[in-house]
Asks: 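What follows is a single structure, and I will ask about it in a moment.
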Protein chains: 2
Amino acid sequence: MDHITKQAAEPLPVTPSSATHKAYAALRRMILIGEFSPGEKLKIDTLRKVLDTGASPVREALSLLTSDQLVERIDQRGFRAAATSKANFEEILGLRCHLEDMALRKSVANGDDAWEERLVLAHHRMVREGRDNDEAFEERHKAFHMALLDNCDSPVLMKFCNQLYDLNIRYRYLAGRALGYQKRDIAREHADILAAAIERDADLAARRLIDHYRQTGAFLTDLLDDNGQPRD
Amino acid sequence: MDHITKQAAEPLPVTPSSATHKAYAALRRMILIGEFSPGEKLKIDTLRKVLDTGASPVREALSLLTSDQLVERIDQRGFRAAATSKANFEEILGLRCHLEDMALRKSVANGDDAWEERLVLAHHRMVREGRDNDEAFEERHKAFHMALLDNCDSPVLMKFCNQLYDLNIRYRYLAGRALGYQKRDIAREHADILAAAIERDADLAARRLIDHYRQTGAFLTDLLDDNGQPRD
DNA sequence: AAGTTGTAAAAACTCGATATTTTCAGGTGT
DNA sequence: ACACCTGAAAATATCGAGTTTTTACAACTT
């Protein structure tokens, strides 16, 4: 029996543990939840201290975030948190509707039992998490929405959807608590999308998904001024 | 009159001159024209010598290319040129058709004289360059296609189209000289797209553009094996 | 007062060296 | 023969210092 002891001692870190990756994850989170205001200068040295790491990982992380469009880079002049605007928000909303519609339809078309089970699970985890913990819920919420799409068998499309989803989260946090005031049954909307997906009714699922986005979108648009800041 | 002398003394370097940017441009070019084979390991130290620069710029450039999906990164294990496959090529082709269709229609909808003139100019430059110099023509060719789209007033969409276009160039170079054997009048196709755009006929322009892509796509597909390598 | 120029501080960028991790070849025991 | 361990070599990732560029501000000119 001895010869299998070492077998799987370590769980094989699927999550990268490099300083660069940690800096990337931390900075991404900070930008999404609004710890930096749009356009704010991101000084290497400051971040280096905050994240307790070297300048190289910080720079690399910021470079990666640049391509996610969460950070803007000006040559020889450093990095800033990406600017926001109502136009940008509406562009993202429109693209999201378009691309997620496409991805969802492909997902449904490829639908199998395994996907169905992943969906149910992702939905359950989201529901169970509840709204108590904003950040944790946000993560489950994203996981559910991405699970709807990830059967589309199109990695590039998924990457785009992922990116756009993140950009949207940021606007949601910018609008802040006001979002709670919506008179909508979000839980019901999610359940209805799930149901349509399980029924393999692509048209219905896509319509419900897009309505879901557009309603939140319309609500958010009213809340934001031209620069994407909360109105009052 | 003196008070305007200094007005625009320096052309204000629009082209960034940092080592990172130069490394990025050089590596992007090398990957697009196929100087690295798909999946090839990109060793920092080797590239450092080839590009005659430090390790930091090389790493940052590779990070940026990662987000362009031209380079893949494996944590603690360095960078590789992105893999290719027929599936990937076809995914890119499909997305391109979809997104460029959308962008072109928006461009036409926003069409004005200035855009029309930019189009004519971009087309002329492409024609004038001729096929003598592959790389130069490639640049003009891209400029023309992007000019068709860039009036869509949607920066994020443009970024996606740009990225997909680059990914496609790479497959075009992979297929190599064989592409010349096509029995098609490419110049005519371009002229027809241009004409439809100038006429503000969005449906016709979009149809012609997509046919243009799908024809090249079908030709390329036949030429590539499952791993995206030339068949013979 | 408005604008220009010069200088000092700050920040970004780059480099070379060090530390950490991975890879690979050779040896050992089953 | 096969898997497993071991240790040297190679490559990556990270750090800290040095260089270059930008920014801020004050003094000077018109």
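Below, chain A is the first sequence line, B the second, and so on; all start at residue 1. In this text, all values refer to a predicted model and were calculated from it rather than measured experimentally.
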Asks: Taking NZ from Lys22(A) and P from dT14(D), how many angstroms apart are they, rounded to a whole number?
Replies: 9 Å
Asks: Rounded off to whole Å, could you give me the CZ-to-P distance for the Arg73(B) and dA11(D) pair?
Replies: 18 Å
Asks: List the residues meeting salt bridge (charged side-chain N to carboxylate O under 4.0 Å, His left out) with Asp166(B), not counting sequence neighbours, and say none if there are none.
Replies: Arg28(B), Lys142(B)
Asks: Classify the side-chain pair Ser154(B)/Glu91(A) by whether it contains a donor and acceptor separated by less than 3.5 Å.
Replies: yes
Asks: Dump the pairs, protein N or O against N or O of nucleotides 15-22 of chain C, anything under 3.5 Å, distances to one decimal.
Replies:
{"residue": "dC15(C)", "atom": "OP2", "partner": "Thr53(B)", "partner atom": "OG1", "Å": "3.3"}
{"residue": "dC15(C)", "atom": "OP2", "partner": "Gly54(B)", "partner atom": "N", "Å": "2.6"}
{"residue": "dC15(C)", "atom": "N4", "partner": "Ser56(B)", "partner atom": "OG", "Å": "3.0"}

Asks: Between the side chain of Ser18(A) and the main-chain N/O of His21(A), is any donor-acceptor distance below 3.5 Å?
Replies: yes
Asks: Which of residues 38-47 of chain B have a heavy atom under 4.0 Å from DNA chain C?
Replies: none
Asks: How many Å lie between CZ on Arg80(A) and P on dT22(D), as a whole number?
Replies: 14 Å
Asks: So, does Arg59(B) get its side chain near the phosphate of dA13(D), meaning an N or O under 4.0 Å from OP1 or OP2?
Replies: yes
Asks: Can you sort out the partners of Phe89(B) under ring pair (Phe, Tyr, Trp, His ring centres under 6.0 Å), two or more places apart, ordered by chain and number?
Replies: Tyr171(B)
Asks: Atom CG in Leu47(A), atom CE in Met30(A): separation rounded to 0.5 Å?
Replies: 7.0 Å
Asks: Please give, in whole Å, the distance from dA13(D) P to Glu60(B) CD?
Replies: 14 Å
Asks: How would you list, by chain and number, every residue that makes a ring pair (Phe, Tyr, Trp, His ring centres under 6.0 Å) with Phe160(A), sequence neighbours excluded?
Replies: Phe160(B)
Asks: Check the distance between dA11(D)'s P and Ile74(B)'s CD1 and give it to me in whole angstrom.
Replies: 15 Å
Asks: Determine: side-chain N/O of Thr20(B) to OP1/OP2 of dT14(C), distance under 4.0 Å, yes or no.
Replies: yes
Asks: Of all residues at least two apart in sequence or in a different chain, which pass the ring pair (Phe, Tyr, Trp, His ring centres under 6.0 Å) check with His141(B)?
Replies: Phe137(B), His145(B), His190(B)
Asks: Taking C-beta and beyond as the side chain, do Ser67(B) and Leu64(A) meet within less than 4.5 Å on heavy atoms?
Replies: yes
